[in-house]
Every structure is written in C-alpha cells, then in structure tokens.
Amino acid sequence: MPTIPEQPADLLSLLHPLLGGADNIAAANRRGHRLSITLKDESLADTDALAALPAVAKVSLENGRLKLELTEEAYQTNQKENRLMASKYDGLARIIIQNVGGKSNVISVAHCITRLRFKLKDESKANKEVLESTDGVIKVMQSGGQYQVVIGNQVNDVYDAVLEVGHFAGAGEVDEDGNAVEGGDEGGKSKSPVSVLIDVISGVIQPTLGVLAATGIIKGLLALFDFLGWIPSTSGTYQVWYAVADGFFYFLPIILGYTAAKKFKMNEFIGMALGIALCYPNMVNITSGEVLGTVFAGTAFEMSYYTTFFGIPVIMPSSGYTSSVVPIIIAVVLAAKLEKWLKKVIPDVIKLFIVPFVTLVIMVPLTYLVIGPIASILCNVLTVIFSAVYGLPVVGGIIAGLLIGAFWQVLAIFGLHWSLVPLGLINYATLGYDFILSPYFCVSFAQPFVVLAMIFKTKDEKLKKIAIPAFISGIFGVTEPAIYGVTLPKKKPFIYSCIGGAVGGAFIGMMGARSYSMGGLGLFGLPSYIDVTGTTGLQSLIYVVIGTIIASVVAFALTWVLYRDEPANK
C-alpha cells in the first residue's frame, strides 16, 4: 500500500501513480484541505488506494473530477514543510498580507459576501494604494474598526488562501505565529458604541444570511406556487419544503445562540441550549393558556404572564421568543462573561460539567425574567418609531422610503446597514411581515442599471471589462463589484444610483409594500413579497416591481444623459 514519504518535493506528485500518472491529470487546484483534480481518463484512478492512504480523509470521483480531502494532521504537516501544491490565490494572499502591515499587524480576519474584513493593530501600516492597484482587489474601505479589502465573488477562495499563507485562525485573534489568542487588545484603541453594535450584529447574524436567504427563497416560491395553484399549501410536497423554509426562521434563536457563542468565544453548545430554552414547545405554547396578569396594558409594549418562577412573573410577548433575535444575543453576551468567570473559580476536575450547569441554571431564568422582557421593550420602541414615521399622514411612507432608498448603499459601504437588518427580523417575528426594509429592494437594481448605461456610453474597453460582470452580478443582488469597481470611483454615477433608489424607494414606502419572509438577493427576492395567507396576494409584489422599474429607469436615464468618459491622462 503506497504511503506518503517524509519529504516529497510536491504532495501531488506523490499521488501521480494512483491517478493514472502525471499525463492523466488535465488540471489540479487546491483550496485548504481539499484538492480538486480533473482527470483525462477517470478509469485509471484507484480511488480505493487513495482512500486507504493515512493522509487522506475522504475521496470522491464523479464525471472525471476527483475530490480529495486531507486529514487535519496531514494538512498541518505538509503545510509546515511546504509540501502543499500552491493555491491559485496564494500570490494575491501574500500581497494582501504584506500590504495590511504584515502578519504581526493582523489581529483577526473574517469575510462577508465580497470583502475580507481585517482588524489591524495599526491601520497606518497598511498600504491602500498598493492594494487598490493589485489585480484581484477591487477597493479598500476603512469602516467600523475594520480594514475591508473588497475582492468580489472569489472572496471565499482568497480568504482561504490568506488564512493558509498567513497561518491565521479564521475570524479570531492571532499572534505573530498565527495562533489563536484570547482576550488580546486591539492596539489600545477603544471602539465607539456604534462600531461595537455593528461588529456584534454582523458577527452574529452574518453567518446565517446565506441559509436565511435560501430558506426565504423557498418560502417565497412556495407562496407563489400556492397562489397559482401549482402546489397547494395542504399538500405533502408543500409541507415538506415549508418545514425548512419556516423552520429555520422559527428556530433562529438556537442558530443565533451558536453564532453568538462563537462570536463571544464561549461554549457554542451553551449558546444553543439558551436558544433551545426560548424555543421549547411547552414554553412557546404557554402563551395560549390562562393569562395571570398583564403589564403595560393598552400600549405597544403590552406583555402578559402565564406562569411564575418562584413567584416572580415570567413576562413574555404574545408570540413568545421563537424567531426572535435580540433576546438570545443579549443572553449569550452575559452568559459568555459568566462562563469566563466560572472557568477561573471552579476546579479543573469538575469544570467540564459544572461550568455549563451553573451557566444554564442562572442564565435561562434570567433570560425569561429580565433579558427577554427588556429586549422586547427595546424592539417595540424601534418598531413604534419607524411605524410613526411611516404613519405620518400622506408623506410618512414617502419620507421613510426615500431615506432608505437614498442612503441604503451609503450605509452598506460603511457596514451600518446591519443596524437595520434586525428590525426586519423583529417585524417578521411579531407582525408576520416587514415594511421597514421593503424600499431597499429597488436599490440593488438602480446600481446595476447605472452600470448598464455606462457600458453603452463608454469607449473605455477596460471599464467595460469590469462593468459587464458587475452588471450581471448586480442583477442577482451582489452590488459590491458595481459600487467599488465602477460607480464609486467615478463618484457621480454612484450619486445617480442613490437618486434612482430614492425615487423608487419613495414609491414603495408610499404604497406600504410588505415582505413576508427574508428573501434572496436581486431577482430571487421577489417571491418574498407575496402574501399567501392574508388578503393582499400579489399586491406588495406589484408595488415593489413598479418601484424597482422606477428606480432602474431613473438611474439609467440620469446616467445616459449626464455621464461622460473622463478625458484620458496625457
């Protein structure tokens, strides 16, 4: 049986005999632990022998593409001894690390849909000009205590390469050797409350957005199919898909319990246990029982209690805490501090089970008695404020929609749009729909239609090469390439997109359009505006489509009339 020798020149060359020889390999690339190898003749590969190698964790072969995953031990060993085949993005990763001030200047690195998000000890050591002139980097932004390097759709691969080349621990603090560090400082700089809030929201909610959007798409499509009579809501097919479409959002506190615990460096299963307590059926169903008393009766903050804890009323919103966002995040923040203290004072011999025991025994009642009610009141305050703006006679919806449509992209550039996302989630949980964020939908179309007008008008071939894929990406909701690669560097086109978004958003806000689930990005988000259980049906969808057309036409027309190519430099 072949085994991996101690010092091969290249890991892939070792595998050649089991792949049918070097001549049988059409292409090969690596991403972290995983190797993807395209074979000319897959029948020559010996997958059983490959799977039996001690360094190999998993092997699959399908349609000429062989996927091989290394064990963690083998990966670390080969990485230290420089035996791994190079990743496609290793070179770009080295340039990025060098120009954010080097490994020693990096506190942590994470990523979102299109950006690498660095926390640096000293941002003055970073070289923005070099980064922005590097192929593969679209733009560099400094916001919310983060040094953000905009990559585009390849950010996942570049992120993996950065972690590997820099020996960093992903989304965690690292020292000069790339080892995770607990409780380190951030260059002695204190963050503003807004920066802290954005950091918490993005760190906790952001990891869920991909699946949250996916389940939102499923829910929206099911609403459409039920409305058209293709898949009735009473059918088994509908129920099976709806189980995940609604279930992910219903049990969101459990999921956020995990992501929040990871964010605040505590036992993830304790975070999940706190979320489970909020979603436990007996506690959820208790709100349908006999009301023992009510507080804030007759106001927007009205809450009843149906049971007591040692005689103390357990005050809960009528809908319970399923699908809620804020209570679980606050609970985990406090639980993380309690767990950290308990680890210091409890003997090691019983720490494994006593720390979780004490944390849960204290935090679950505290969440129900104090954290939940306070969080519910805060959420209601925000909802009341936005409802008041929308409720202003004649102009309320127009003003709110105009502001969100005009400034959504500006907020997104600085990462401040995260502060509004929880408001939508709160409305879904309490009202069953959201109206606050609806005007933002048209913005993601105003931006690409500005780019489309520029494509038609420009004679700059280099600009066209950037703009065409940016337009396509923007139609499907990923507008960062359009913003950072095309419109923002030109300044005025970005303003045109904001004006288009403001006009379209004002119409959507005026009509009071509602979304009924977290939808996908771009075109995939449209089904989320269908009301399948209520009486409005396609009404909100029609309003949003009209508003989107208005935003796109205004943005395109302004760009078509006003845009001019900049004169070439002499």
Side-chain angles (χ1 to χ4, degrees), residues 213-231 245 390 396-409 412 417 420-421 424 427-428 431-453 471-479 482 496-560:
T215 53
I217 293 171
I218 296 172
K219 196 170 186 178
L221 290 175
L222 286 175
L224 175 62
F225 296 157
D226 179 46
F227 183 85
L228 297 174
W230 295 352
I231 304 179
Y390 270 91
I398 296 175
I399 293 173
L402 185 147
L403 292 174
I404 290 177
F407 294 106
W408 182 265
Q409 295 177 103
H417 63 305
L420 298 178
V421 171
N427 281 339
Y428 290 134
L431 303 176
Y433 59 84
D434 173 57
F435 56 92
I436 293 175
L437 298 184
S438 293
Y440 103 90
F441 183 84
C442 66
V443 177
S444 62
F445 289 87
Q447 180 68 229
F449 273 89
V450 165
V451 174
L452 182 63
F471 168 75
I472 296 170
S473 178
I475 289 298
F476 292 98
V478 181
T479 56
Y496 303 153
S497 71
C498 291
I499 294 172
V503 178
F507 175 82
I508 293 172
M510 178 180 67
M511 305 309 295
R514 301 172 176 178
S515 64
Y516 296 89
S517 66
M518 280 288 291
L521 300 174
L523 294 173
F524 294 112
L526 289 172
S528 65
Y529 293 92
I530 300 173
D531 179 14
V532 69
T533 58
T535 59
T536 59
L538 298 178
Q539 180 176 290
S540 289
L541 175 64
I542 294 170
Y543 291 153
V544 167
V545 169
I546 294 173
T548 300
I549 292 172
I550 291 172
S552 302
V553 170
V554 170
F556 183 94
L558 284 172
T559 310
W560 183 263

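Quick note: numbers below take in every heavy atom, side chains included, and nothing from hydrogens, waters or symmetry partners.
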Exercise for review: Indicate the ring-plane relationship of Y433 and F435, choosing parallel, tilted or perpendicular according to the 30° and 60° boundaries.
Suggested key: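 Ring orientation of Y433 relative to F435: tilted.
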Nearest-0.5 Å distance that lies between atom [atom1] in [X] and atom [atom2] in [Y]:
X	Y	atom1	atom2	answer
L437	I508	CG	CD1	11.5 Å
L538	L526	CG	CG	11.5 Å
D531	S517	CG	OG	11.0 Å
L541	I546	CG	CD1	9.5 Å
S497	L558	OG	CG	10.0 Å
F449	F471	CZ	CZ	5.0 Å

Which atom names give the shortest non-hydrogen contact between [X] and [Y], and what distance separates them?
X	Y	answer
G405	V443	O-CG2, 3.3 Å
A502	A406	CB-CB, 3.6 Å
S438	A513	OG-O, 3.0 Å
G547	C442	O-CB, 3.9 Å
R514	Y529	O-CD2, 3.1 Å
G500	A446	C-CB, 4.3 Å

Practice item. Run the numbers on S444 and W408 for side chain to side chain contact (heavy atoms under 4.5 Å, CB included), then give the verdict. Key: CA-CA 10 Å; S444 62; W408 182 265; over 6 Å; no
**Study point:** Identified side chain to side chain contact (heavy atoms under 4.5 Å, CB included) counterpart of S552 within the set T548, V554, I550
**Key:**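 Running side chain to side chain contact (heavy atoms under 4.5 Å, CB included) over T548, V554, I550 with S552 returns exactly one hit, T548.
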Review point. Step by step, would you call L523 with F445 a side chain to side chain contact (heavy atoms under 4.5 Å, CB included)?
Key: CA-CA 9 Å; L523 294 173; F445 289 87; 3.8 Å; yes
Check your understanding: Hey, mind stepping through S515 and F441 against side chain to side chain contact (heavy atoms under 4.5 Å, CB included) and telling me if it holds?
Key -> CA-CA 10 Å; S515 64; F441 183 84; over 6 Å; no
